[in-house]
Amino acid sequence: MENKVKSRFAPSPTGVLHIGGARTALFAWLFAKSHQGECFLRIEDTDLERSKPEHTQAIIDGFSWMDIQFDDEVFYQSDNKEKHLTAVQQLIDSNQAYFCNCSSERLDKLRTEQQKEGLKPKYDGKCRELGLIEGSDTVVRFSNPQEGSVQFDDLVKGVIEISNNELDDLILIRSNGSPTYNLCVVVDDMEMSITHVIRGDDHINNTPRQINIFRALQAKEPVYGHVPMILGEDGKRLSKRHGAVGVSEYQQLGVLPEALKNYLVRLGWSYGDQELFDHEELISKFKEGNINNSPSAFSIEKLSWFNKEYISKVDSELLLSQLSNMNSGFSEDEYSLSVLELIRDRCSLMNDFSKESEYFFNEVEDYDSKAVNKFINEQAVNLLTELLEELKNIASWKSHDIQLSIEQILSKHEVGFGKIGLPLRIALTGSTNSPSIDKTAEVLGRKVVIERIDKAIKVFS
RNA sequence: GUCCCCUUCGUCUAGUGGUUAGGACACCUGGUUUUCAUCCAGGCAACAGGAGUUCGACUCUCCUAGGGGACGCCA
């Protein structure tokens with residue numbers, strides 16, 4: 001029990017829940033769960049300028065939508081400020097941190113000069129040996145070791161080694177007294193007894209700094225696993241110009257949470273040739289699978305495919321209740337249910353249901369002109385007129401009987417199904433694409449069908 | 001610029017010294033279907049390049065190129 005795996009996801013609430021962040025979180029969570037461990041959510045809200053409560057809420061909502069349940073309460077980094085400060089004091093006391101009064105002007109100048117010389121910009125350690133005391137404009141810097149290197153065995157990347165002279169004396173406390181990111185992360189991870197840090201590989205460069213702080217604090221660093229980032233469809237860094245980047249945007253697009261989750265996990269993780277995993281399977285198989293170590297490009301098409309798979313699995317009633325909450329035209333009644341069952345296998349996104357069902361819930365206003373030109377002529381109108389009479393007197397309004405009526409007319413005139421099927425489809429739906437026309441007619445109901453045929457005859461005569 | 005990470009079909013990936021390099025999405029062809037979609041069958045398509053190591057390299061090493069990331073009193 002002592003060795004229970006504890007991981008965390010630590011977003012800063014400065015924007016929407018990013019799709020890449022969601023995937024990283026999923027990995028961290030799955031890693032913990034597949035080891036019977038715990039995973040926590042920690043909001044890194046120390047940037048007061050940009051942190052917003054609504055962003056925190058959006059993050060929490062996003063995870064609850066995806067059914068990723070973190071253990072314990074949500075942690076807020078800002079709640080832990082005292083501990084951060086105490087840790088820094090400990091470092092100062094043990095001579096592993098010092099006050100620095102270099103101005104940002106000097107720092108800027110230093111940086112540009114170093115860059116010009118082709119060097120890596122970093123603090124030159126000017127105040128390191130000065131023994132300054134705290135002042136109104138001082139910051140606290142960490143005395144990073146100057147010799148040797150930091151090595152760690154990354155769960156996904158393998159051994160990574162970074163020389164200490166690549167690292168500079170980073171700021172631990174700003175001149176306004178607030179602690180900085182790298183310090184907070186270390187203190188919080190210690191505080192929460194985090195054993196495994198699973199995060200994006202954009203943090204690889206922070207890792208040796210954080211390890212040095214852990215060691216200076218005489219603590220043991222956790223195990224790290226850096227998962228590669230997600231790229232846009234074009235292989236470039238994922239950004240707004242690629243379209244939707246927020247989890248909520250996919251929610252609005254009509255992506256099912258299970259589908260998004262499955263897709264996101266498969267993006268960079270694999271378990272042989274298997275594509276579809278349910279929630280339980282993900283947990284049980286995650287650690288047996290393989291995390292890829294190269295970045296992967298996001299593909300909305302593949303996501304759609306996953307979504308289609310999930311749509312085909314969910315129960316109609318459940319689907320209907322979701323749809324009726326979505327302003328889709330559907331409501332929880334018999335009619336909507338039969339529409340849904342008729343069109344469900346034509347839809348890959350939830351939003352497709354609105355498009356595919358339009359003529360079930362609205363009058364047909366326009367007819368597809370291309371289809372009209374091709375299939376509507378005098379003969380078609382005559383056939384429709386005949387069919388109309390037939391349907392008015394049909395005994396039972398069932399697809400089978402409707403089909404019989406159609407066939408009867410067809411054989412009388414010795415023409416193929418298309419001669420009347422297509423015009424009928426145009427009359428009922430406005431276009432030539434729809435589910436089988438007899439079933440469509442059945443669901444639409446006798447009254448509507450007769451009205452629409454009648455209207456079409458008038459329009460096309 | 002400096003440092004770090006990465007490189008198998010267009011995309012997601014399997015592969016861990018000897019394979020006809022497999023699967024999925026997309027695409028193409030054919031079949032089923034009253035249309036479209038579904039579904040079924042088939043097809044196209046990849047080891048970034050160059051040196052090594054080895055009897056033998058997609059698999060190991062090095063170099064090059066390309067991509068990504070980090071270099072803040074942001075997180």
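Predicted, not measured: the structure shown is a model, and the values here were computed from it. Sequence lines set the chain letters: A, B, ... in the order given, protein chains first and strands last, and positions in each chain run from 1.
- When the nearest nucleotides of RNA chain B are assigned to A/Val159 and A/Arg141 by heavy-atom distance, the more 5′-ward of the two goes with A/Val159.
- Taking every heavy atom of residues 115-128 of chain A and every atom of RNA chain B, pairs under 4.0 Å involve A/Gln115, A/Gly118, A/Leu119, A/Lys120, A/Pro121, by number.
- For residues 155-169 of chain A, every residue pair satisfying the salt bridge (Lys or Arg N to Asp or Glu O under 4.0 Å) rule, not counting sequence neighbours, is listed here: A/Lys120-A/Glu166, A/Arg128-A/Asp169, A/Lys157-A/Asp201, A/Asp168-A/Arg209.
- Take A/Arg199 and apply the side-chain hydrogen bond (donor to acceptor under 3.5 Å, both in side chains) test, not counting sequence neighbours, and it matches A/Thr207, A/Gln210, A/His226.
- Salt-bridge annotation for A/Glu386 and A/Lys412: present, with a side-chain N of the basic residue lying under 4.0 Å from a carboxylate O of the acidic one.
- Within the 4.0 Å cut-off from OP1 or OP2 of B/rU35, not a single side-chain nitrogen or oxygen of A/Asn433 is found.
- In this structure, A/Arg141 forms a cation-pi arrangement with A/Tyr123, its terminal cationic atom sitting closer than 6.0 Å to the ring centre and no more than 45° off the ring axis.
- Of the residues in residues 19-29 of chain A, none lies under 4.0 Å from RNA chain B by heavy-atom distance.
- The structure places OG1 of A/Thr56 at 11.5 Å from CG of A/Leu17, a figure rounded to the nearest 0.5 Å.
- Ion pairing between A/Lys439 and A/Glu341 fails under the 4.0 Å rule for side-chain N and carboxylate O.
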> Using a cut-off of 4.0 Å between protein heavy atoms and nucleotide atoms, how would you tag nucleotides 21-26 of chain B 5' to 3' with B, S and -?
Replying inline: -BBBSS
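- With hydrogens and angles left out, the side-chain atoms of A/Asn433 and A/Ser431 include no donor and acceptor closer than 3.5 Å.
- Every residue was checked against the side-chain hydrogen bond (donor to acceptor under 3.5 Å, both in side chains) condition with A/Lys374, not counting sequence neighbours, and none meets it.
- Between the A/Ser338 side chain and the A/Val443 main chain, no donor and acceptor come within less than 3.5 Å of each other.
- No hydrogens or angles were tested; on distance alone, a donor-acceptor pair under 3.5 Å links the side chain of A/Ser175 to the base of B/rC73.
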